Amino acid sequence: MSAEFQNREPELTKRTVNPGAEKWLGEVVPVLDHGFIYLVDYMGDDESIAQAARVSYGYGTKSVSQTEGLIRYLDRNRHTSPFEMSELKFHVKLPISVARQWVRHRTASLNEYSARYSILKDEFYIPGADSVNIQSANNKQGRGDGVGKDEAEFVRRVFEENGARSYADYQLLLNDDGTGNPVDPRRPQIARELARNVLPVDIYTQWYWKVDLHNLFHFLALRMDPHAQLEIRQYANVMATIVKDAFPMSYKAFEDYELFATALSRPEQNTLSKLLLDSGLTFTADQVDQASKVVGLTNKREREELMEKLTKLGIVKK
Ligand SMILES: Cc1cc2nc3c(=O)[nH]c(=O)nc-3n(C[C@H](O)[C@H](O)[C@H](O)COP(=O)(O)OP(=O)(O)OC[C@H]3O[C@@H](n4cnc5c(N)ncnc54)[C@H](O)[C@@H]3O)c2cc1C
């Protein structure tokens with residue numbers, strides 16, 4: 001439990017209390033070797049998202065199934081603004097190399113530890129032996145096979161020595177004994193904002209990161225993907241677990257219509273149509289309807305949408 005949450009008493013509030021999010025408040029989840037992430041604050045729940053949509057549609061029905069149906073309808077149809085009505089705020093400790101990727105997600109707010117103001121800690125990300133891989137042969141932006149145990153230990157040692165060496169240079173330039181006084185009174189104390197530049201990008205930084213649910217889903221879709229770098233994926237996976245508890249209906253819709261959905265380009269659709277038609281594989285509307293019910297597509301509107309798509313591809317016989 002994070003220190004700021006340890007003596008905190010639950011307060012009376014008129015705001016929406018989200019039990020799935022409350023459970024995660026202040027719960028520090030370790031990530032990588034020195035990193036962590038925890039939920040600092042949140043706003044809203046699934047119902048708040050549906051409620052925001054009801055404002056725009058002007059209807060006020062409220063049963064749980066109607067809320068879930070509405071959320072799924074919104075997500076399926078990319079009606080995204082109601083998902084911006086809920087927010088999550090995280091405290092994250094992460095290597096600067098991961099932060100460089102993370103910060104590309106502009107639709108969030110962040111406030112980072114200042115290495116101009118404070119002295120950075122001697123903490124560097126050293127990949128575990130099972131995360132040391134060779135350059136991928138077919139993906140210029142990725143890792144290939146793992147290396148043997150001895151080679152992995154060698155690589156780890158190179159990282160460790162590089163961290164120790166550069167941190168020693170950092171301390172030499174800072175010339176600070178930890179109380180603000182110089183270690184060597186004959187030498188100047190170089191400005192922190194300058195001295196930090198000798199440090200490598202695997203040193204850890206920290207920030208508060210606040211994002212709404214719509215943009216968090218966008219982040220998760222990109223950063224949980226196997227194409228994203230292993231290190232940032234680990235943070236994304238923890239956030240996904242928290243969101244799943246806090247916004248179960250929205251998360252399920254996100255999985256069904258974004259994370260595990262596949263969009264086909266026009267040439268891809270044409271290829272699929274050709275393959276199916278060349279093989280004589282066409283179906284009746286009844287067959288499609290039955291099959292979709294078997295796999296759990298119980299929503300009538302969704303089945304109609306599927307029928308429309310398959311008809312467009314020319315594989316449903318009238
Ligand atoms: C696997 C992977 C590899 C990547 N490789 C590289 C790389 O090699 N080099 C590199 O530089 N980046 C790289 N990126 C970062 C990527 O290009 C995006 O910057 C990052 O994923 C953030 O996505 P985003 O812009 O959609 O998100 P956000 O910044 O959160 O924006 C969300 C959405 O808001 C809109 N938006 C935000 N800002 C603007 C704007 N200024 N103008 C118009 N619309 C806007 C867009 O619709 C955008 O999709 C990579 C990302 C991934 C996941």
Side-chain angles (χ1 to χ4, degrees), residues 21 31-32 35 37 39-44 48-49 52-53 56 71 74-112 125 127-128 130-146 200-244 246-247 250-251 253-266 268:
V31 187
L32 305 179
I37 184 162
L39 186 65
V40 176
D41 209 349
Y42 69 88
M43 185 165 82
S48 328
I49 292 159
S56 64
I71 284 175
L74 295 170
D75 202 58
R76 202 164 69 248
N77 290 285
R78 302 287 179 263
H79 185 159
T80 52
S81 50
F83 295 95
E84 292 171 28
M85 299 300 146
S86 282
E87 296 201 321
L88 293 121
K89 182 160 70 185
F90 298 96
H91 184 172
V92 194
K93 183 175 172 192
L94 68 175
I96 287 178
S97 53
V98 176
R100 279 292 306 273
Q101 298 180 337
W102 197 309
V103 80
R104 300 304 313 280
H105 297 264
R106 297 156 289 181
T107 44
S109 306
L110 71 86
N111 190 57
E112 188 175 2
Y125 166 59
D130 55 355
S131 309
V132 178
N133 302 62
I134 59 165
Q135 171 60 36
S136 164
N138 50 17
N139 174 7
K140 288 196 173 151
Q141 245 188 2
R143 295 179 200 186
D145 292 337
V201 291
D202 57 2
I203 197 159
Y204 275 84
T205 184
Q206 297 190 30
W207 63 34
Y208 265 35
W209 192 69
K210 181 173 74 74
V211 66
D212 64 58
L213 197 57
H214 164 58
N215 286 297
L216 180 54
F217 282 150
H218 183 63
F219 177 97
L220 294 179
L222 291 169
R223 300 302 180 177
M224 288 164 75
D225 188 276
H227 291 99
Q229 193 169 330
L230 172 77
E231 285 75 14
I232 197 166
R233 251 189 284 150
Q234 300 198 20
Y235 289 90
N237 289 339
V238 176
M239 284 193 283
T241 305
I242 296 171
V243 177
K244 199 173 182 170
F247 299 91
S250 302
Y251 192 83
F254 162 67
E255 282 187 325
D256 287 351
Y257 305 123
E258 295 180 63
L259 191 61
F260 300 128
T262 302
L264 294 179
S265 66
R266 188 158 59 174
E268 288 165 347

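Indexing begins at 1, ligand by ligand and atom by atom, following the structure's order. Computed from a predicted model, the values in this text were never measured in an experiment. Residue numbers count from 1 along this sequence.
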Parallel, tilted or perpendicular: rings of Tyr208 and His91 (30°, 60°): tilted
Sequence-distant partners of [X], side chain to side chain contact (heavy atoms under 4.5 Å, CB included), two or more places apart:
| X | value |
| --- | --- |
| Ser136 | Asn138, Asn139 |
| Glu112 | Leu110, Thr205, Trp207 |
| Ala108 | Trp209, Val211 |

Heavy-atom side-chain proximity of His105 to Asn215 below 4.5 angstrom: no
Under 4.0 Å from ligand 1, counting heavy atoms only: the protein residues, by chain and number: Arg104, His105, Arg106, Thr107, Gln141, His218, Leu222, Arg223, His227
Polar contact flag, side-chain donor to acceptor under 3.5 angstrom, Asp212-His214: no
